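Structure first, then comments.
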Amino acid sequence: MENEDSFFEKVYKIVIQIPVGKVTTYGAIASCIGSKQSARMVGWALNKCSFYHTYVPAHRVVNRNGLLTGKRHFDNFETMKELLISENIIIENDQIIDFENYFWNPYKELF
DNA sequence: GAGTTGACGACTT
DNA sequence: CAAGTCGCCAACT
């Protein structure tokens, strides 16, 4: 069944559930999975999200500072910012303004 | 099978 | 206050 508890699968399932207009952090996802220090793995998982059978809104995942550190992994450096802007999220200098306001806690879905 | 990498985070200097 | 270093864990070469 869908009990593929692979690290990647967990990451994808969480990211996919991020609502439009919201964002989360790598650390939050990692913590949600169980290893808060595995934030790097979250980024690694998103790196191969293109190979996943389901679309993963990786642009809604940013680092702890609300900085779009992963923008360079998109087709163009502006893609990530453009996607967030299209979701009513304000970006300035590759950083989310009022990031705390847009933050979506993955724990809410695990409840 | 071993070493290097990586879209982070927190601590140390 | 800013920059540098370490740790963490799985995938990639």
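When reading the values below, keep in mind they use all heavy atoms of this one structure, side chains included, and skip hydrogens, waters and symmetry mates. Just so you know, these numbers come straight off a predicted model, no measurement behind them.
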Practice item. Under the salt bridge (charged side-chain N to carboxylate O under 4.0 Å, His left out) rule, collect the residues that match up with A:K71, sequence neighbours excluded. Key: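 A:K71: salt bridge (charged side-chain N to carboxylate O under 4.0 Å, His left out) contacts with A:D94.
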
Check your understanding: Is it true that a side-chain atom of A:T24 and a backbone atom of A:W104 form a donor plus acceptor pair closer than 3.5 Å?
Key ->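 Yes, because the side chain of A:T24 sits within donor-acceptor range (under 3.5 Å) of the backbone of A:W104.
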
**Study point:** Exercise: identify the closest heavy-atom pair between A:A58 and A:L46
**Key:**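 In this case the closest contact between A:A58 and A:L46 is CB-CD2, 4.3 Å.
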
Check your understanding: What are the 5'-most and 3'-most nucleotides of DNA chain C lying under 4.0 Å from any heavy atom of chain A?
Key ->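 Result: C:dG7 to C:dA11.
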
Exercise for review: Give the other cluster members for A:F51, using side-chain heavy-atom distances under 4.5 Å between Ile, Leu, Val, Met, Phe, Trp and Tyr residues; answer none if it is isolated.
Suggested key: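 A:F51 clusters with nothing; isolated.
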
Using distance only, find each side-chain donor-acceptor pair of residues 73-84 of chain A under 3.5 Å and give its atom names and separation, not counting sequence neighbours.
{"residue": "A:T79", "atom": "OG1", "partner": "A:N76", "partner atom": "N", "Å": "3.2"}
{"residue": "A:T79", "atom": "OG1", "partner": "A:N76", "partner atom": "O", "Å": "3.1"}

Practice item. If a pair satisfies side-chain hydrogen bond (donor to acceptor under 3.5 Å, both in side chains) and one of its residues is in residues 84-93 of chain A, list it, with sequence neighbours excluded. Key: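 Every pair satisfying side-chain hydrogen bond (donor to acceptor under 3.5 Å, both in side chains) with a residue in residues 84-93 of chain A: A:H59-A:E87, A:R60-A:E87.
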
Exercise for review: Please collect all salt bridge (charged side-chain N to carboxylate O under 4.0 Å, His left out) contacts where either partner lies in residues 14-33 of chain A, sequence neighbours excluded, each pair once.
Suggested key: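 Residue pairs passing salt bridge (charged side-chain N to carboxylate O under 4.0 Å, His left out), neighbours aside: none found.
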
Practice item. State which residues pass side-chain contact (heavy atoms from CB on, under 4.5 Å) with A:T69; sequence neighbours excluded, sorted by chain then number. Key: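 With neighbours one apart ignored, the set is A:Y26, A:N63, A:L67.
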
Point to revise | All side-chain contact (heavy atoms from CB on, under 4.5 Å) counterparts of A:T54, not counting sequence neighbours | key: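 Partners of A:T54 by the side-chain contact (heavy atoms from CB on, under 4.5 Å) criterion, ordered by chain and then number, come out as A:I16, A:Y52.
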
For nucleotides 2-4 of chain B, tabulate all protein N/O to nucleotide N/O atom pairs closer than 3.5 Å, reporting atom names and distance.
none

Check your understanding: Do A:I33 and A:S38 come within less than 4.5 Å of each other through their side chains, counting heavy atoms only?
Key ->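 With C-beta onward as the side chain, the pair stays apart.
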
Would you tabulate the nitrogen or oxygen pairs shorter than 3.5 Å linking the protein to nucleotides 7-10 of chain B?
{"residue": "B:dA7", "atom": "OP1", "partner": "A:H73", "partner atom": "NE2", "Å": "2.7"}
{"residue": "B:dA7", "atom": "O5'", "partner": "A:H73", "partner atom": "NE2", "Å": "2.7"}
{"residue": "B:dA7", "atom": "O4'", "partner": "A:H73", "partner atom": "NE2", "Å": "3.3"}
{"residue": "B:dA7", "atom": "N7", "partner": "A:G43", "partner atom": "O", "Å": "3.3"}
{"residue": "B:dA7", "atom": "N7", "partner": "A:N47", "partner atom": "N", "Å": "3.2"}
{"residue": "B:dA7", "atom": "N6", "partner": "A:L46", "partner atom": "O", "Å": "2.8"}
{"residue": "B:dA7", "atom": "N3", "partner": "A:Y26", "partner atom": "OH", "Å": "3.2"}
{"residue": "B:dC8", "atom": "OP1", "partner": "A:T69", "partner atom": "OG1", "Å": "3.1"}
{"residue": "B:dC8", "atom": "N3", "partner": "A:R40", "partner atom": "NE", "Å": "3.4"}
{"residue": "B:dC8", "atom": "N4", "partner": "A:R40", "partner atom": "NE", "Å": "3.4"}
{"residue": "B:dC8", "atom": "N4", "partner": "A:R40", "partner atom": "NH2", "Å": "2.8"}
{"residue": "B:dG9", "atom": "OP1", "partner": "A:R64", "partner atom": "N", "Å": "3.0"}
{"residue": "B:dG9", "atom": "OP2", "partner": "A:R64", "partner atom": "N", "Å": "2.8"}

